[in-house]
Amino acid sequence: MTARAVARWQAAAPYAVGLVAALGVLAVLVAALGGDAPAAVGSLVRASLGSAAGFGQTLNKTAPLLFGSVAVILGLRAGAFNIGVDGQIYAGAVAATGVAFLAAGLPKLLAVPAVLVAGAAGGALLGAVPGLLRARAGVSEIFVTVMLNFIALFFVEYLSTGPWNDPMAGEAITRAVPPSTTLPLLGVRVGAHAGVLLALAAALAVWWLLYRTVFGYEVRAVGDNPTAARLGGIPVGRTVALALVASGALAGLAGAVEVSGFHYRLILGLSPGYGVMSILIAVLSRRHPLVAIVASLGFAALVVGTDSLQRSVGLPASAVFVVQAAVLLVLLASEGLRRAP
Amino acid sequence: MTPLVRLQGVRKRFGAVQALDGADFEVAAGEVHGLLGENGAGKTTLMNVLSGLYRPDAGQVEVDGTPVVIRGPQDAVRLGIGMVHQHFELVRHFTALENVVLGREGGFLLDRRALRADVESLMERVGLSVPLDRPVRELPVGVQQKVEILKALYRGARLLVLDEPTTLLTPQEVDALFSTLRSLVERGLGVVLITHKIQEVLRACDRITVMRRGRRVATVARAQADAARLVEWMVGGAPPGPAAKEPARGGAALLDLVDVQVVDSRGVVQLDGCTLQVRTGEIVGVAGVSGNGQTALAGVVAGALAPSGGEIRIRGEPVRSHGVGPRIQRGVLWIPEDRVREGVLPRMTVAENVVLGRHRALFPPLRYDPRRVRSLGEAAVETFRVVCPGPDAPAGLLSGGNLQKLLAARVFAHAQAGGVHLLVAQNPTRGLDVPSTEFLHAQLVRFCQQGGGVLLISEDLDELQKLSDRIVVLYRGRVVAEFTRAQFDPYAIGRAMAGVEVAR
Amino acid sequence: PSRPRLAMILPGVIQDADFNAVGYQALKEVQATTGVQTAHSEQVAVADAERVAREYLASGYGIVAFHGGQYLTIVQKLAPLFPDAVFIMESSGQIPNLPPNVWNIGRKFHEGFYVLGVLAALSTKTNRIGYVAGIRLPDFVASLNAVFQAVAKYNPRAEVLYTFVGDQNDPVKARQAAESQIAAGVDFIVISVNLGTVGILEAARAARRPVLLTTFYTDKSSYAPQHFAASLLSNFGKPYVEVTRQILAGKRGGYYEMRPGSGFGLTPPRNVPPEVARRVQQVWRAVVLRQERVDEITDRVVERR
Amino acid sequence: MSWELLLDPSLVRLAVSMAVPLALASAGELLMERAGLLNVAIEGIVTLAAAGAFLGAFASGSAGVGLVVGAAAGAAVSRLLAHYAVAWRRDQVTVGLTLYVLCVGLASLLYRMVVGVRLTPPRVETLPPVPLPWLGDLPLVGDILFRQHALVYAAAAVVGALHGFLFHTSLGLRLRAAGENPVAADTVGVDVFGLRAWAALAGGALVGLAGAALPFTLTGTFTEGIAGGRGWIALMLVIFGRWTPLGAAAGALLFAYVEAFQFKLALLSKAVPPQFLQMLPYAFAILVLVRAYRGAEAPEALGKPYDREART
Ligand SMILES: Nc1ncnc2c1ncn2[C@@H]1O[C@H](COP(=O)(O)OP(=O)(O)OP(=O)(O)O)[C@@H](O)[C@H]1O
Ligand SMILES: Nc1ncnc2c1ncn2[C@@H]1O[C@H](COP(=O)(O)OP(=O)(O)OP(=O)(O)O)[C@@H](O)[C@H]1O
Ligand SMILES: [Mg+2]
Ligand SMILES: [Mg+2]
């Protein structure tokens, strides 16, 4: 093993310790809330990873998280904080749904790529706004992306309750997209769709972009020290703007995949906080797209696993949030304690 | 006599680098103590241990003969230790005044008027003057250096550590600073002075300590020291001889500035009708007191600033599109003045820093090759003797002088590959040790011999006189005087720098 | 075989004293009256509902109920995959072509809102009636249209001002909307937001002239006794118990309609003249017996004068 | 559209009251950010404080107790954030978002534990208007500004005091230095860690007070999602106000006004789908910012863990 590999394992060690500690905390919390602690831990593992169906659902959850986190990573690498993943997911979902309606007659082989491209384009469009405003006017992309999240949400509400509404459902959801536009399933009983493979490809593509292209080098340089990058001949504004556009496209793909792989419709509530989770994963992964693959899977397993505690030990939903947060806090603390002076 | 401060057996390791390897050092009250050493020898690290910023892995600190534990800078401040940092630690959004008084404002309410009066009288006493009400980020680094010095003096420490305080000062300012230090030690303070300029050490210090590779090599009284011995201790052998520049034989015009005007974003005129020429094979030195348009001159030539008037020609062709990128394509490279803010990509590797600016020429857009980057970086590190764990180390970890070498390595590696015609070098040897300075000078000379031209902007008159074929003096954004090699005269140049009218 | 167990998936928390609370109540009622063992998962986003449902199915629950219409796709997807299980879902009306193992509960809110509209039409003194809704859902558009219909019939001089605040559960936005309406002269507000209601109650308290309110799902009179006119109550227990009984009896799919008289109830009107209360009860009975017809228009607002 | 509509006094009066939670939360956030701490848990803290304040008042019968509980909850969570960020040098965004999740869960859990599942939940009295002597009798302005509930005056005082503290006291200078360049502050003996911890306590308390303002001034009860994104908006107002208390407060008023105005507009313009009107405050905020912005002024060390020995 090389010295670098050893260093990597050493970096991973606190997470392992943290994970064990977190399970301990979980057991204590469950017991304190009157639940059966061993059952809880068992259920957590079984629900997320222990059964084919459970794992399939974990994979489905991984897809948007991985898209979202690599989107955030790409922005962060360029020194831009894309808080707009939620909005861009919705923009991608809107575009994907629209194109899916139009592509009703097309064969699947054409329709699905068209839907995905539309999703990417929709997200990119929403990413372009903060990109341009930051490059041209120096306006904080954080501010703009957050505002656009709200705006995108209202637009989705308009479409899903207005022109595209499915009147029978009585909710803010649109009519179903044609079956010819939906992603294939990886296994029918398992219920995982092909989106996770696309997300995996996206993560690898982002890695390749960052570390194997000149643009990626420039993105990293700009994110590291924009002044030095500018004096190194790099067009800083354009690089940041493009990174935000690409970031938006990735998030948009998440939206497209959720529509064509999972919901088969545009739905208000399509993104239950994927934006926030993506940021969390991106930062936890130390802004590395390959680490994000593992982190997204781990995070999805955590969410899926802890969520099952409602079913298995009757915890209220709020307690599940508390457990999730506690697990993360213990992880962070175990890492922090090791490095404390 | 017990020394004011004694450090013994101090060890400090950063990852793979043993920065201090059992270093000893002591300074007495009433002396100016020079600290010398190659770039990366551990001078800054040692002083950071003393000022509480770094916790040593081993070793003792004694103050007034009693062992102390310094847990943080607050402890050091309490013990009366003040420090001028090599890379100034200033709050860039604060005014110079706010920076100087920070931590010693006195009183609950901030009485800016009273504090201003205090600082003004301090400036008067020590012969350093800075505009107090401008945010520091708007000040040239030379002025920032003065703010940092004023900040340390304002604190009235018992021990004052100055880490390369003079790199950007004019000779007059250096004189003023040294006489201030002298009066301070006469009042019983101790002063540690880190510098790479042997002459300064010999002039200002009572005792001198030389460090090499994290250890003390020698401590001598000034009487026993001479330049050659000091250098020998530093490098552990004889240094290379100085580079000689043959006079240029009037080549073709490389750079022409005609009546160039630059107005900055605040509407302040930075260059006010500046005209000058650089020909092939020529080093043109630019002298001037910091803040007279040097930064704007470098920026406008290197493409970082767009002129608001006048004309720029490169190899006879007028330039229309500005921006650093297009300028690099036309063969103009720049070593900027502020290595930390403008030069280095701190979290990227040393190798990745080396290829910055050349990356577009090196690789097709989709074929960035990290292995190639690494080997280029390795070569550059070797040629320029950049002290670092390797080409894969994050550049931000390097010592000040090694950062500076990295910037030089970047442009010369690029020049070696061809297609580079003009070099704009701003204080390129700031903080370099003696051998490195000589090496860099030799590189500059060789670049000219191979048909390049250099616009050398420097605060160091000796350096300018040694290397330049011509020296122009910048005053309030214009060239007010020009000297050919035969006319070089520090006093005349100094007068021109001060704005005293000189015939051109 | 043994009796199937029933799991309910709810979109919000069950302590909301609103839509989710009545769903949870229904679940308890099912357990109490049919003896079927139940479980629930609350605050399940649409994006997670399929997973949660699959978990219940995998751990042996034979009946999975979705409290809300947003889970339509999931039911359509899962029902064919799990033919042995039965699914219960809610919607605005009867959904065509559902798999045979799906029970569909259609909710006809608008018929109830029609009666609230009558109450408003007969009670307003300023002849300005407010309607505060959250998301522009078809149900609430239909309900608004029903209010227009009622007002046009029972007090043609009155005007209906309506606002969609974009969120069912944001009391602050709901309050802002209500304050604007009150400032515009409204003295009777028909509320169709959920948790947003508390904001509107505060707006009514802060108003300088008396403002009456109606709420729905649960009886919220204790919040603001003097401002409270009536509430359209939803008793999901009724359909759920009925559907569960049918399932136990072997009927694995079908349609149940929730409407006034079957699942929707009206609290006795308060703070209004007795003759108004009497008249409103009359209309309620007429609607229950379908003697008075209420139009169902879900896709656009039709203002009638 | 007439001017009368735009300047409707009742609209302005409502906007002032609605701006209170935004102004308080952004003031608290700003204090922390000026010290270098980015508190992205803010939305969660507002929620938790709203629950805490409501439950405190519910249990004790006193609004004062509720306010204290709300502020204490905010202070405690922010202090925890500061501990992770300062002592353990963890990434502030990660910790902040985690605490956000924790707070949202905890708020709901506490409410369930204390109140339980009921069909008619309890409520507390909202704060009554307190007319100020003779100012309250001024025509027009009196009604808009000086016949408000106590938290309006408190928020105004907080904003003014914070401005004075940050820009006109020595401690304020040091606190800002800690947020701009912790090394510079540290090396002149400013206690960076201590200042950040105190800023977290005080700023967190203000954010908590903002959360408490929701039940006590607007709703009389705690409901799920009561914060409704207002924490995030407060975070944005800090940027909008360019890290000055007066700027952020002005932004809060502007935002609250446009939001209230939008509902007014909704009553008139029925042709426009309501969702497009609801976008107004957010679109408006972007437009204002684009016009008013000249370069970011964020504290330079904002969000960066300070490690003395790290050179990058
Ligand atoms: N915080 C740090 N992290 C990692 N490495 C460090 C750190 N500080 C110093 N070093 C390393 O320690 C060695 C000594 O550095 P130091 O800054 O003390 O040198 P110096 O003698 O001041 O050099 P110069 O003359 O170039 O300023 C260098 O190799 C440097 O890279
Ligand atoms: N969600 C609820 N909250 C409070 N009370 C309720 C609720 N649901 C039902 N009730 C009470 O139970 C009564 C019966 O409700 P239900 O909806 O079954 O009435 P209904 O179907 O109109 O009556 P019926 O069919 O018996 O004529 C209501 O009048 C009301 O008092
Ligand atoms: Mg040094
Ligand atoms: Mg219905």
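Here is the naming used below: chain letters follow the sequence lines, and residue numbers restart at 1 for every chain.
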Counting C-beta onward and ignoring hydrogens, is there a side-chain heavy-atom pair between [X] and [Y] closer than 4.5 Å?
X: D:I233; Y: A:M147; result: yes
X: A:T161; Y: D:Q275; result: yes
X: D:V40; Y: A:I279; result: no

A:R136 atom CZ, neighbour heavy-atom count above 12 within 6.0 Å: no
Derivation of the side chain to side chain contact (heavy atoms under 4.5 Å, CB included) call for A:F321 and D:L102: CA-CA 6 Å; A:F321 281 136; D:L102 181 79; over 6 Å; no
For [X], is it the side chain, the backbone, both or neither that has a heavy atom under 4.5 Å from a heavy atom of chain D?
X: A:I281; result: neither
X: A:L133; result: side chain
X: A:F155; result: both

Region of [X] that comes under 4.5 Å of a non-hydrogen atom in chain A:
X: D:V238; result: neither
X: D:V93; result: side chain
X: D:L99; result: side chain

Verdict with supporting geometry, A:L332 and D:W88, side chain to side chain contact (heavy atoms under 4.5 Å, CB included): CA-CA 9 Å; A:L332 289 166; D:W88 290 342; over 6 Å; no
Evaluation steps, side chain to side chain contact (heavy atoms under 4.5 Å, CB included), between D:F276 and A:Y158: CA-CA 8 Å; D:F276 291 94; A:Y158 165 71; 3.7 Å; yes
Please report the interatomic distance [atom1]([X]) to [atom2]([Y]), rounded to the nearest 0.5 Å.
X: D:L80; Y: A:L329; atom1: CG; atom2: CG; result: 6.5 Å
X: D:L97; Y: A:L280; atom1: CG; atom2: CG; result: 5.0 Å
X: A:S318; Y: D:L110; atom1: OG; atom2: CG; result: 8.5 Å

Shortest non-hydrogen separation from D:G229 to A:F150 and the atoms involved: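 Minimum heavy-atom contact is O-CZ, 4.2 Å.
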Heavy-atom closest contact (A:V322 atom, D:G105 atom, distance):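 In terms of heavy atoms, the two residues are closest at CG2-C, 3.6 Å.
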A:I142 and D:M236: CA distance, side-chain angles, deciding distance, side chain to side chain contact (heavy atoms under 4.5 Å, CB included) verdict: CA-CA 8 Å; A:I142 299 181; D:M236 295 305 109; 3.9 Å; yes
Interface residue of largest heavy-atom contact number with chain A, from D:V104, D:D91, D:L109, under 4.5 Å: D:L109
Residue-level contacts of residues 277-287 of chain D with chain A, using a heavy-atom cutoff under 4.5 Å: D:Q278, D:M279, D:Y282, D:A283, D:A285, D:I286
